[in-house]
Amino acid sequence: MAQGKIVKVAGPLIVAENMADSRMYDVVRVSDKRLVGEIIELRGDLASIQVYEETAGLKPGEPVESTGDQLSVELGPGLIESIFDGIQRPLTAIRDRVGDRIKRGVEVYALDRERKWIFEPVKSIGDKVDSGTIIGIVQETASVEHKIMVPHGISGIIKSIFASNATITETICEIEDEKGNIHPITMMQKWPVRRGRPYNEKISPNNPMVTGQRVIDTFFPVAMGGVAAVPGPFGSGKTVVQHQLAKWSDADIIVYVGCGERGNEMTDVLREFPRLHDPKTGESLMRRTVLIANTSDMPVAAREASIYTGITIAEYYRDMGYKVAIMADSTSRWAEALREMSGRLEEMPGEEGYPAYLSSRVAEFYERAGMVKCLGDDGRVGAITAIGAVSPPGGDISEPVSQATLRIVKVFWGLSAQLAYMRHFPAIDWLQSYSLYLDRLSDWYSNNVSPEFNDMRQKAMNILQKESELEEIVRLVGIDALSWKDRLTMEVARMIREDFLHQNAFDEIDTYTSLEKQAAMLRLILLYGEKGQQALDEGANLSTVVDVPVRERIGRSKYIKEEDLYKFDEIEAELLSQVTAIDEQGGL
């Protein structure tokens, strides 16, 4: 291991000499305080090191020791319900050891070495196993069954395996490879965060991640194993959208990365998630969640590591065959950390001072998402859906981080400050947002929701776009310039906006809407518009069509419980009878 000494300190970046025997991305221990750092540049025997802890007080001449290992995470039972910082230090364990104020240089194992887990084997002595093969099960929480896999690079015949009550470092299995070497297997393995975990094959996602949020599921769906971005100005609801997705999406595991966000926002997450009721299991939402907390007042260098730590943990659970959703809040703060470290290294800056390799780094993160056939002998499929919040200054998405993100992601949920100020939640602008998964998922919606679902979505979007055009006319010459049919179109658009797209996250019924209920709600609104236009063609009066009593029931249909969906048939029958009555009376 290389032994060097500091020659320069520049904030989170230090330069050490006598480091010629080191490698890029080796983890080092800096000074007698043993601060954690990582080599990010080598020039001769000089190493530039980003330090993940506060560097105040460091001075030239202090020792630097290379560990010879890359920045890695510990993977095994105990990850779920844990709260880590950006380099996987367990914040709860550190608090228990040193108090609320974290001291520098604290060395704590990421996973508890003392806790015993009940290991139940699913393979037997004499079985042939390869990398990724599941050899046993541990019930990690009431919600998560942790699958112990053969580490990458090991294959052979099981020589011993037994049910046990063991710690994560005790041997629970022995595998003999073809050369006769014996490999002891424990419940824990390590993996370098900057290298994606291997899989057999990446497959095209073909079904949506159902979120229960109507504007997302109906208009701008994200595929299971897809990538999405949530850009928006301060206060537009990025964090709240991610909370809703964490609670209601049909992912099995949630990895939430608070990357450089304000301390009070991360505190809200840490307080709220343990109290949130998981509708899938009836347990606390934390029972299937891993939290990585890296706030804006923590060392800037650790922001970059937190993204890689989160995606590596997500890949580990993906390899078990789980559907994982990773929320990164926000990738803009991560990019700002890249910009600062690039500036300290005196690299040639790109646009707005960001490094020239910004786009490739953003792509590296999102490309580790996807649906894959996992390693192993059972053909299991796992998926990671990556959802990154972007915080462009002033909401200007023309800035480099937003543009680099938009070139990669397939779903754009653009948040509108105006909608947020109007208390419209989710504040996703339906005229700016898009999903490139629509064509790929259309068959799934037709087969699993309704044959007419895709047509209804397109009709509703056309109405919203028509409303935008009509609003321009109204602003110029007033609403009296519109025909009755155009005015009815604006009424139907308002129903889509207020009765369908608007959701109350605090209402126990409206906070989540199944796809069947979404289709029923949209069908009612479009049927009203269609029958209303027919009535106008027959000579009915606009006010008579607008004031039909059934409109109130249509507006309140969002509060119909999932077990009472038959009531939509009643409302539809009432709508048809009332509009028919208008035709018979004529309103002529």
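In this text the structure is predicted, and so the values were computed from the model without any measurement.
- A salt bridge is absent between R339 and E352; no separation between the charged side-chain nitrogens and carboxylate oxygens falls under 4.0 Å.
- Open room surrounds OH on Y421; 12 or fewer heavy atoms of other groups in view lie less than 6.0 Å from it.
- For an aromatic pair to be called close, the ring centres must be under 6.0 Å apart, and Y322 with H146 fails this.
- Checked against a 6.0 Å centroid threshold, the rings of H424 and W430 count as neighbours.
- Taken from CZ in R440 to OG in S204, the straight-line distance is 4.0 Å, to the nearest 0.5 Å.
- Looking at every heavy atom in both residues, I384 comes nearest to A369 through O-CB, 3.4 Å.
- Within the 4.5 Å cutoff, the side chain of Y512 has no heavy atoms near those of the T211 side chain.
- The nearest pair of heavy atoms linking G232 to P392 is O-CD, 3.7 Å.
- For the pair K410 and Y366, the NZ or CZ position fails the cation-pi test of under 6.0 Å to the six-membered ring centre and within 45 degrees of the ring normal.
- No hydrogens or angles considered: a donor-acceptor pair under 3.5 Å links the side chains of R407 and S359.
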(request) For N462 and Q458, run side-chain hydrogen bond (donor to acceptor under 3.5 Å, both in side chains): C-alpha distance rounded to whole Å, both residues' side-chain angles, the deciding distance at 0.1 Å, then the answer. (result) CA-CA 6 Å; N462 291 342; Q458 190 58 53; 3.0 Å; yes
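- Between the side chain of T513 and the main chain of Q518, no donor-acceptor pair closer than 3.5 Å is present.
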(request) For the pair D329 and T239, evaluate side-chain hydrogen bond (donor to acceptor under 3.5 Å, both in side chains) and give the outcome as yes or no after the intermediate values. (result) CA-CA 7 Å; D329 189 14; T239 303; 3.0 Å; yes
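- Between E315 and R197 no salt bridge is recorded (no basic side-chain N to carboxylate O distance below 4.0 Å).
- Taking the six-membered ring where tryptophan is involved, the planes of F500 and F219 are perpendicular, since the angle between them exceeds 60° and thus also 30°.
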(request) Go through the steps to decide whether S468 and Q465 satisfy the test side-chain hydrogen bond (donor to acceptor under 3.5 Å, both in side chains), and finish with yes or no. (result) CA-CA 5 Å; S468 178; Q465 290 171 341; over 6 Å; no
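- Residues that satisfy the side-chain hydrogen bond (donor to acceptor under 3.5 Å, both in side chains) test with Q70, not counting sequence neighbours, are absent from this structure.
- In this structure, C374 and Y199 have side chains that are not in contact, with every pair of non-hydrogen atoms separated by 4.5 Å or more.
- We find that K5 and E17 are joined by a salt bridge, their nearest charged nitrogen and carboxylate oxygen being less than 4.0 Å apart.
- The backbone N or O of P231 sits nowhere less than 3.5 Å from a side-chain atom of W413 that would complete a donor-acceptor pair.
- The two residues S391 and S332 have their closest heavy-atom pair at N-OG, 2.8 Å.
- E38 and Y52 form a side-chain donor-acceptor contact under 3.5 Å, judged by distance and modelled atom types alone.
- A search for side-chain hydrogen bond (donor to acceptor under 3.5 Å, both in side chains) contacts involving R195 returns nothing, not counting sequence neighbours.
- At distances below 3.5 Å, at least one donor-acceptor pair connects side-chain atoms of E62 with backbone N or O atoms of K59.
- In this structure, D217 contributes its side chain and G212 its backbone to a donor-acceptor pair below 3.5 Å.
- Other residues, nucleotides and ligands contribute only 12 or fewer heavy atoms inside 6.0 Å of the NZ atom of K8.
- In the model, E347 has a side-chain atom that pairs as donor or acceptor with a side-chain atom of S342 under 3.5 Å.
- Using a 3.5 Å distance cut-off with no hydrogens or angles, the side chains of S66 and R29 do not pair a donor with an acceptor.
- For the pair H502 and R214, the tightest heavy-atom approach, listed with the atom from each and the gap, is O-NH2, 2.7 Å.
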(message) I'd like to know whether I326 forms a side-chain contact (heavy atoms from CB on, under 4.5 Å) with F365, so could you lay out the CA-CA distance, the side-chain angles of the two residues, the decisive distance to 0.1 Å, and finally the verdict.
(response) CA-CA 11 Å; I326 179 170; F365 166 68; 4.3 Å; yes
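- For the pair R457 and Y445, the distance from NZ or CZ to the six-membered ring centre is under 6.0 Å and the angle to the ring normal is within 45 degrees.
- Using a 4.5 Å heavy-atom threshold, the side chains of I496 and I463 count as touching.
- Nearest heavy atoms, Q242 versus I387: NE2-O, 3.2 Å.
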(request) Starting from the C-alpha separation in whole Å, work towards a yes-or-no answer on salt bridge (Lys or Arg N to Asp or Glu O under 4.0 Å) for E81 and R288. (result) CA-CA 7 Å; E81 294 189 276; R288 59 183 180 96; over 6 Å; no
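- Salt bridge absent: R344 and E41 never bring a charged side-chain N and a carboxylate O closer than 4.0 Å.
- Listed for the S82 side chain is a donor-acceptor partner under 3.5 Å among the backbone atoms of G78.
- Looking at E467 and E471, their side chains come closer than 4.5 Å, going by heavy atoms from C-beta outward.
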(message) Applying side-chain contact (heavy atoms from CB on, under 4.5 Å) to R361 and L338, what does each step give before you reach the verdict?
(response) CA-CA 9 Å; R361 288 290 180 87; L338 289 176; 3.4 Å; yes
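- Using a 3.5 Å distance cut-off with no hydrogens or angles, the side chains of Q244 and T511 do pair a donor with an acceptor.
- For the pair F453 and T218, the minimum side-chain heavy-atom distance is below 4.5 Å.
- Using modelled atom types, one side-chain atom of R380 and one backbone atom of L375 make a donor-acceptor pair closer than 3.5 Å.
- T67 and D69 are not linked by any side-chain donor-acceptor pair at a separation below 3.5 angstrom, with hydrogens and angles left out of the test.
- There is a side-chain donor-acceptor pair under 3.5 Å between E304 and Q50.
- Within the 3.5 Å criterion, the main-chain N or O of V193 finds a donor-acceptor partner in the side chain of T312.
- Side-chain contact between V241 and Q213 is absent, with no heavy atoms from C-beta onward closer than 4.5 Å.
- A search for side-chain contact (heavy atoms from CB on, under 4.5 Å) contacts involving K33 returns S31, L35, R104, not counting sequence neighbours.
- By the neighbour-count criterion of 12 heavy atoms within 6.0 Å, atom CD of E107 is densely surrounded, having more than that number from other residues, nucleotides or ligands.
- Considering every non-hydrogen atom in both A293 and L91, the closest pair reads CB-CD1, 4.0 Å.
- Considering only heavy atoms from C-beta on, I87 comes within 4.5 Å of V36 through its side chain.
- Under the 3.5 Å distance criterion, with hydrogens and angles disregarded, no donor-acceptor pair is assigned to the side chains of Q88 and T309.
- With S131 contributing its side chain and G153 its backbone, the two residues share a donor-acceptor pair below 3.5 Å.
- Enclosure of atom OH in Y109 is not indicated, since only 12 or fewer non-hydrogen atoms of other residues, nucleotides or ligands lie within 6.0 angstrom.
- At distances below 3.5 Å, not a single donor-acceptor pair connects side-chain atoms of K190 with backbone N or O atoms of S72.
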(request) Could you check V227 against T385 for side-chain contact (heavy atoms from CB on, under 4.5 Å), going step by step and ending with a plain yes or no? (result) CA-CA 6 Å; V227 289; T385 307; over 6 Å; no
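- I292 places none of its side-chain heavy atoms less than 4.5 Å from the side chain of Y256.
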(message) Pair F425, V240 - check side-chain contact (heavy atoms from CB on, under 4.5 Å), show working.
(response) CA-CA 9 Å; F425 176 84; V240 182; 3.5 Å; yes
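- Although no hydrogens or angles enter the test, the distance criterion places no donor-acceptor pair under 3.5 Å between the side chain of S249 and the main chain of A246.
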